[in-house]
Amino acid sequence: MQTTVNGGSEGAKTKALTPQNSNWTPPACWYEPVISPKDLKERIETLEKDKSFLGLGGYGQIFADLYKLIYQTDKYDDYNMAKQDKGMFWGPVVNPARKDDPAAMSCDKLPFWVDDNTTPNIPLAVSPKILAEYAYDELPIPSTDFSMSPDGRQTVNLSTWIWADKARFKPVSVTASLPHTKLSATTTATPVSLKLEPGTGEANLHPASGECPINADGSIGSPYSDAKKNDSPPCGLTYLRASTKSGTYPLKATITWKISWKSSTGEGGDLPTGTYGKTTGVTVQEIQSINR
């Protein structure tokens, strides 16, 4: 499987999304075209001659004989050599991002024949949706960075303004395609909101829901200026008690991304909404006069 990234921040560190649906994950493995009749025959013949397979002399011959019982029988008739360039043997492929997932072991079938332009009717055979779900893991999500005013220590009863610059959070997409076929699917992540969690119950959120929408230009909130000192921030919070006992409050900011997909076959739809969050330790002090 091959992927192409569209959008995103070149050179910037990117993060993996966490699906909001905890019961869903992208596939850990699937079946796709992996080898031609000619190449399969050559590999098994090479294995037959390998006297050092697994460091144990003669085991190459044993494994080669087992494979030959499968691929030189009437079922395949000499590895399906007569069908060279008319199809492929499909085999298991593990998602590199989920290689340690126990589910990666669920694709345990030996390579099996599939004619060109045919999709086998078995679970986890690669499909447009599996391509789209694989691309979900590859989405280049930017880290949840934002600006604050005051910058650094916060103050009791003084509003903290939070914002992100234009185009910081914009749609990104990944196209996953299957080599030697016309099959592909593009998965797109669109940012929809920033959720603030102040790390204490003694704080007011702006807006009250704590959900700051992504503006049309990709920005969040509005930068602070002296002209706005009497205004409430469109995105931010107000701490009501100093963090003296805990030292800091864990302020968490989480971007929610809506995920959709569309394939070369015209199929498409939505995948589970994803999130990526960042937690920052915030010190809140209690003083009477403030200089921003």
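Along the sequence shown, residues carry numbers from 1. Here the structure is a predicted model, which is why all the values come from computation and not from measurement.
Residue pairs meeting the ring pair (Phe, Tyr, Trp, His ring centres under 6.0 Å) criterion with at least one partner in residues 115-152, sequence neighbours excluded, are Trp24-Tyr136, Trp30-Tyr134. Within the structure, the side chain to side chain donor-acceptor pair (under 3.5 Å) test picks out the following pairs touching residues 198-218 (sequence neighbours left out): Ser193-Glu211, Glu202-Arg241, His206-Thr238, Asn215-Ser219, Asp217-Ser219.
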Verify side chain to side chain donor-acceptor pair (under 3.5 Å) between Lys278 and Thr254, making sure each step is shown before the conclusion.
CA-CA 6 Å; Lys278 175 183 178 180; Thr254 303; over 6 Å; no
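Checked for salt-bridge contact, Lys86 and Asp115 miss the test: no charged N lies under 4.0 Å from a carboxylate O.
Counting all heavy atoms, side chain and backbone alike, Asp85 lies closest to Asp116 at O-OD2, 3.4 Å. Here the closest non-hydrogen pair linking Thr188 and Ser173 is OG1-CB, 3.3 Å. The heavy-atom pair separating Asn21 from Pro272 by the smallest distance is CB-CB, 4.2 Å.
Taking 4.5 Å as the limit, some side-chain heavy atom of Tyr239 sits within range of a side-chain heavy atom of Pro198. At least one side-chain heavy atom of Trp261 sits under 4.5 Å from a side-chain heavy atom of Pro128.
To the nearest 0.5 Å, atom CG of residue Leu139 and atom CD1 of residue Ile259 are 5.5 Å apart.
None of Trp90, Trp113, Phe112 except one satisfies the ring pair (Phe, Tyr, Trp, His ring centres under 6.0 Å) rule with Tyr31; the exception is Phe112. Screening Lys68, Lys83, Lys41 against Asp78 for a salt bridge (charged side-chain N to carboxylate O under 4.0 Å, His left out) leaves a single residue, Lys41.
Val94 is not connected to Val34 by any chain of hydrophobic side-chain contacts under 4.5 Å among Ile, Leu, Val, Met, Phe, Trp and Tyr, and they are in different clusters.
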